[in-house]
**Q** 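The following block contains the structure, expressed as structure tokens.
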2 protein chains.
Amino acid sequence: MKPTLQDVADAVGVSRSTASNAYSRPDQLSAALRAKILDAARRLGYPGPNPTARSLRRGFVGAIGVLFTSELSYAFTDPFAVRFLAGVSRTAERHGTSLLLMPLPADRARVRSVVENASVDGFCVYCVGDEEWVLQAIRDRGQPYVTTAPRADAGPDDRYVGIDERAAARSVADHVAALGHRRVALLADTVLPGAPPGPLRLAGPGDAPHPTTRGRLTGFADAFAAVGVAWPALTLLNATANSRAAGAAAVAEVLAGDEPPTAVLACSDVLSLGVLDMLAAAGHRPPHPISVTGFDDIAEAAAAGLTTVRQPAEEKGRLAAELLLEPPTTPADGHRLLPTDLVVRTSTGPVPGS
Amino acid sequence: MKPTLQDVADAVGVSRSTASNAYSRPDQLSAALRAKILDAARRLGYPGPNPTARSLRRGFVGAIGVLFTSELSYAFTDPFAVRFLAGVSRTAERHGTSLLLMPLPADRARVRSVVENASVDGFCVYCVGDEEWVLQAIRDRGQPYVTTAPRADAGPDDRYVGIDERAAARSVADHVAALGHRRVALLADTVLPGAPPGPLRLAGPGDAPHPTTRGRLTGFADAFAAVGVAWPALTLLNATANSRAAGAAAVAEVLAGDEPPTAVLACSDVLSLGVLDMLAAAGHRPPHPISVTGFDDIAEAAAAGLTTVRQPAEEKGRLAAELLLEPPTTPADGHRLLPTDLVVRTSTGPVPGS
DNA sequence: TTGAAAGCGCTACCAT
DNA sequence: ATGGTAGCGCTTTCAA
């Protein structure tokens, strides 16, 4: 059996409390006694206070849970997610807090169980979807949490850090519209759950269940509506994942069609890189014959010459962690909207023949 | 006050154990009673069993700690580390185990404290250095651990997954030597702690304190010794970090010198990409006028046409986690050596004028 | 400066 | 199928 604090105390002939103080509150006993206790501990092979027991007693853990939609491995594969995490970890470091990375199972029952079983002091929810029930599970557990998207229905306990998705999307779409593009395709990940890759009809951008996607599609639509291109005239393309391959697969059909779009606006850089891949395979390089835009401004975007919207990934992570670790005094302080920038590179140009 | 299991039990008029069973062992009570208990819990706002208390009682946590040298944010910045983590997380997922990502403070005292305070069932040590005292801290805590480098002095409790660093390094150096290169530079991260960027003298490759670096430098040296180039004739270059920028900075001086090397062999792809950056800035593109090799074969290596050594990053992570979560039956099973491949691309070529 | 007592919230065993 | 009992290992008043 592993020795416990009691064993150490017994060995030295002091009480358990004194032995505990030797570890947690050195100022509460004489240096000599403390040395004696630590010595005995070493001799007995006492591993030091059990962190779990300590957390139980103290009432907090010193760790925050970071929840991801889909597999945990996704977190390490998506460059934007990685930078977000880097930001979170920077803040956590400063607070001596660990990060418990948690994959979010697809089915709701298991989500509850994951949330209920995590030994953490709060949650950072980095979700791709509108996982309202995830938040409910967290609320039910009575833990604080921060999400990474603005929430219209944010209650006083809700904290979030996000960007104005709609305005950001509109900025890049305005740019494309100004270049004369009218026959355009919009590309998003999982517009509707379970939808196949490729063209998809939706009554309006507001019908996308996912709030981030909804915001961006709406912003795109706004820009084109302003130049007389109504929603039904826009081609909506569904990708089955947020990856290059899925992006490529999603555009394959329309690119091969009779009247391909003159521009493709994607909801993420990763997706748009897939479009570039597909075009490159055909020997094309944007803006000829097709302009392509992304969203996020990940590192690869610069190398690819991608026109995109930059959002401050690390900053977002940093703020999210701060919102959790340094609780805002007023509920209003619990909401942060970050700035975005349109980054124009070489992947967009005037519509051919204009 | 948050209600506890006792409150729920009281409300329903059952014992605490029965209430507990309603959550943890549904088969131990009638469905009707269970429903009644769960209902009361909901009504009272009982958040479900406290994970910390449960862990304490059960004796295990359901999480493993992943220890990184340097900042946690590094983990998300180095592509090889990211892929390693993806592998670890895949296995962890399968076991319903969470990952606690832990930065490793520089000073030993804080390392102990970090290790001692983590609520985990074991550690995966992904270290850049030869942090023997880290392992000692873990051993002292009586926790299992796995490291990511072969250890000559591995005891029965040591588990590791690694590659044959020396042989792998030799394979790429043999290739470079066969191309006729004799005036070469070797580039490594933190050859000696605190050393400035650029050329550095070392009596022999065995003097590098860091085992991975030592292994790779030794492999490089082996190859050139075999063609008559002894260690002192090789230029050793120190980088102050494992980053492109540090790689670039490390080679700046020798590239600008009178007799620049005809080949640079780096201990990581990231470093060699920095060399490519520096050469590109001068309008050069390997193999002209200088051949460059990397190590790891990260994604960017292919795009850059880098000749390198591929090591299975995800596999390494997967195996590391398995070693921890599916304890080997015999100590010998605790050691895994993974295969590596020489990947020849365009960054290496015959020595100019040969 | 030290110690005694009282739990933190839960689960597992054993009995009924 | 249900309940009683006995801790898991620790920290923290409070009193001495």
Side-chain angles (χ1 to χ4, degrees), chain A residues 1-38 40-41 44-62 113 116-121 140-143, chain B residues 1-38 40-41 44-62 113 116-121 140-143:
Chain A
M1 237 5 247
K2 240 185 245 177
T4 74
L5 195 49
Q6 182 71 69
D7 298 325
V8 176
D10 289 348
V12 183
V14 296
S15 80
R16 200 160 71 235
S17 3
T18 302
S20 172
N21 283 336
Y23 285 94
S24 311
R25 315 174 63 175
D27 51 312
Q28 296 298 298
L29 34 54
S30 66
L33 182 54
R34 182 171 127 93
K36 214 164 114 186
I37 293 172
L38 262 30
L44 291 175
Y46 173 64
N50 177 315
T52 305
R54 172 176 272 179
S55 295
L56 178 60
R57 180 60 238 244
R58 297 229 248 225
F60 73 90
V61 180
S113 120
E116 282 163 358
N117 287 312
S119 280
V120 296
D121 301 318
D140 289 349
R141 223 196 107 183
Q143 297 264 293
Chain B
M1 237 6 247
K2 240 184 243 178
T4 74
L5 196 49
Q6 181 72 69
D7 299 325
V8 176
D10 290 348
V12 183
V14 296
S15 79
R16 201 160 69 237
S17 3
T18 301
S20 172
N21 283 337
Y23 285 94
S24 310
R25 313 175 63 176
D27 51 313
Q28 296 298 299
L29 36 55
S30 67
L33 182 55
R34 182 170 129 91
K36 213 164 114 187
I37 293 172
L38 263 30
L44 291 175
Y46 173 62
N50 177 315
T52 306
R54 173 177 272 177
S55 295
L56 178 60
R57 180 61 237 244
R58 289 190 169 162
F60 73 89
V61 179
S113 121
E116 283 164 358
N117 287 313
S119 280
V120 296
D121 301 317
D140 289 349
R141 219 194 111 181
Q143 297 264 291

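Reckoned from all heavy atoms, side chains included, excluding hydrogens, waters and symmetry mates. Residue numbering restarts at 1 for every chain, and letters A, B, ... go by the order of the sequence lines. These numbers were taken from a predicted model, which means no experiment stands behind them.
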**Q** Could you give the distance from CG (Asn50(B)) to CZ (Arg141(A)), rounded to the nearest 0.5 Å?
**A** 7.0 Å
**Q** To the nearest 0.5 Å, how far apart are OG1 in Thr4(B) and CG in Asp7(B)?
**A** 4.0 Å
**Q** Look at all strands and tell whether Phe60(B) reaches a base, only sugar-phosphate, or nothing, counting heavy atoms closer than 4.0 Å.
**A** nothing
**Q** Is the shortest side-chain N/O distance from Ser20(B) to OP1 or OP2 of dT11(C) below 4.0 Å?
**A** yes
**Q** So, OP1 or OP2 of dG9(C): does either fall under 4.0 Å of a side-chain N or O from Thr4(B)?
**A** no
**Q** Nearest 0.5 Å please: distance from the CG atom of Leu44(A) over to the CG atom of Leu5(A).
**A** 11.0 Å
**Q** Rounded at 0.5 Å granularity, tell me how far OG in Ser119(A) sits from CG in Leu56(B).
**A** 10.5 Å
**Q** If you look at every strand shown and take non-hydrogen atoms under 4.0 Å, does Tyr23(A) touch a base, only sugar-phosphate, or nothing?
**A** nothing
**Q** How is Ser30(A) classified with respect to the nucleic acid when contacts are heavy atoms under 4.0 Å: base, sugar-phosphate, or nothing?
**A** sugar-phosphate
**Q** Under 4.0 Å: is that the gap between some side-chain N or O of Arg54(B) and OP1 or OP2 of dT11(C)?
**A** yes
**Q** Scan Ser24(A) against the nucleic acid and name what it touches under 4.0 Å (heavy atoms): base, sugar-phosphate only, or nothing.
**A** sugar-phosphate
**Q** Could you pick out which residue, Leu29(A) or Arg16(A), lies toward the 5' side of DNA chain C when each is mapped onto its nearest nucleotide?
**A** Leu29(A)
